[in-house]
Amino acid sequence: MKDNEEPPSWEDVAREHARFLYTVAYRLTGDHDDAQDLVQEVLLRVRRGLATYQPGSMEGWLSRITTNAFLDEMRRRRRRPADALPADPERVLPRHPPADEALAAETLPADVQTALLGLPDDFRAAVVLCDVAGLSYQEIGEALDIPVGTVRSRIHRGRALLREALA
Amino acid sequence: MTMRRPGDHLDDELSGLLDGELSADETVAARTHLAGCAFCMAELAAIDRTRTLVRSLPAVDPPTSLLARAAAAPTDLDARPPARRAAVLASIVAAAAVLVVLLQWAPADRSVSPSLAGLVQAHATSVVNTDPADVAADQPPGVEAHVHIKGATGEAEFDVVPVVSRVPVAAKYTVTTAPGQPVADRPTIDVEVREQGVLAERIALDAETGVVLRRELYDVSGGVVRMALVERVRMTHTPAPTPAHRTAGGLVAAPSKLDGDYLRVGVYRRGRVVHMLFSDGLHALSVFAQAGALAASDLPGGGRLVRLGSKTGYHYDWPGGDVLLWESGGVVYTAVGDAPVEDVKAAAASMPQRSRLSIGERVRRRCRALAEAVTGG
Ligand SMILES: [Zn+2]
């Protein structure tokens, strides 16, 4: 077998894509411990899945694995209500600043992250895959197994909710 | 996708438009509606601000312990009853992974953190003149110009000595020309640039030399994204400089062409940096190459992750356009462009990648050879 026909080794994948993966994971979970667990899970899936990797977009493939691991984890948490995200939006969304402060206030990355966490999981996944991972609608549709029209709708609803939360 | 009656306001088409994900027909319909609807225009601006906030979120560095932990974790594969040889190989590969992680994060002599301001300066001051109306003489007189750029992210000023290029306007653009208003007391030709039928730019060219004297770039809703204006022009009465074609010293092969009809104009050596200058007839694109590994932790703040083909890089703004940064095969590349950002990304992604072995690949091969020696393979 020639070297250039080998699938990439998992440590190459880890080294080259750790920052990409971790950023997507952190934006999805909003928590360093959760992001580490998620990346750990993704790397395990990558190690098991490298044999099935087809040459193409490594980021697309990784994003699909990351999102699936994330959505699996969210489903698992929903079955355990104690771990569920707070249902009360006031607990996760930033409170609106008083009107006179609002004009001067700059939107900080932490505020955007908090607002992202306030989105329903499906909307958050679509927005993060589009605006953080930089995937096309087509790629997001394949990652989430939904039609492209639904991708557009979820991204737009997600952004509209973010806009309200950050207003 | 929902059916929409004419007269209804736009909905998720707004996000589709901002993401460049509408069909040509949908784009025309959305833009037609926007032109006559202040409500949707305000919605578009608000969604655009929100989208920009998410896209501006900084990249997040993983803790150094993370990959080592992942390397040590067993997989289903490793858990199989192992042949001795496979077990030794697995443990050595895991150790190699830790080594690779250390190599990546430890400060190394060959780590490179490009001086973005310096490279932007090198790009901006070698800006190429352009010739869509075939106005320039074969050997146009030299020009010194003082350019003032106002962009969404700030302003910048440069003294420029444009070099001559005869690069044809890329087929992706439709240009129409007409006599223009004088700029800096020079007669101009007004050039309207459309991409896929949409007004993308308006450019005022010096009628005698073809030098760009004013450039306005528009966003999808027709707003001015940035403007570059030549405030002073001085004719130097010496022929304009022609670009150099130095060899890149074996560091990289400078391609003759990049995606989007960018043709190579010149190759310069600036110390340890190779500067490859390209043009699509209307915009300049500089690709700088430096040997080394990208020291991502030393990069200035404000960079966003960006996908460039199969690579991940960083995206920064400069007042006159975009800066993209990525590493491939032991070479750090920095692209500086003044075209619409998607065009700059496509051209950067088409840079041929050097086929040198990565650190990880070299470590892996060495470990495999070691493992085979250990196990008598
Ligand atoms: Zn409307």
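A note on names: the letters A, B, ... follow the listed sequences, proteins ahead of strands, and every chain is numbered from 1.
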With side chains defined as the heavy atoms from C-beta onward, is the minimum distance between [X] and [Y] less than 4.5 Å?
{"X": "Arg304(B)", "Y": "Thr23(A)", "result": "no"}
{"X": "Val54(B)", "Y": "Val127(A)", "result": "yes"}
{"X": "Leu162(A)", "Y": "Leu53(B)", "result": "no"}
{"X": "Arg152(A)", "Y": "Glu13(B)", "result": "yes"}
{"X": "Val60(B)", "Y": "Arg27(A)", "result": "yes"}

From [atom1] ([X]) to [atom2] ([Y]), nearest 0.5 Å:
{"X": "Ile47(B)", "Y": "Arg163(A)", "atom1": "CD1", "atom2": "CZ", "answer": "5.5 Å"}
{"X": "Arg307(B)", "Y": "Leu135(A)", "atom1": "CZ", "atom2": "CG", "answer": "5.5 Å"}
{"X": "Leu18(B)", "Y": "Ile155(A)", "atom1": "CG", "atom2": "CD1", "answer": "11.0 Å"}
{"X": "Leu14(B)", "Y": "His156(A)", "atom1": "CG", "atom2": "NE2", "answer": "5.0 Å"}
{"X": "Ser136(A)", "Y": "Asp19(B)", "atom1": "OG", "atom2": "CG", "answer": "10.0 Å"}

Handout entry: Greatest number of heavy atom pairs closer than 4.5 Å to chain A - which of Val306(B), Leu305(B), Leu57(B), Thr52(B)
Key =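 Going by pairs under 4.5 Å, I would pick Leu57(B).
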Exercise for the section: Return the option, out of Pro58(B), Ser56(B), Gly20(B), with the maximum number of heavy-atom pairs under 4.5 Å with chain A. Expected result: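 Of the options given, most contacts go to Pro58(B).
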Handout entry: Polar side chain donor-acceptor pair, Arg159(A) to Ser15(B), under 3.5 angstrom
Key =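 Present: a donor and an acceptor within the cut-off.
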Problem - Side chain, backbone, both or neither of Tyr26(A) within contact of chain B (heavy atoms, under 4.5 Å) - result: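 It is the side chain, since no backbone atom gets that close.
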Problem - Best-contacting candidate, Gly158(A), Ala25(A), Cys130(A), Ala160(A), against chain B by heavy atom pairs under 4.5 angstrom - result: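 Of the candidates given, the most pairs with chain B belong to Cys130(A).
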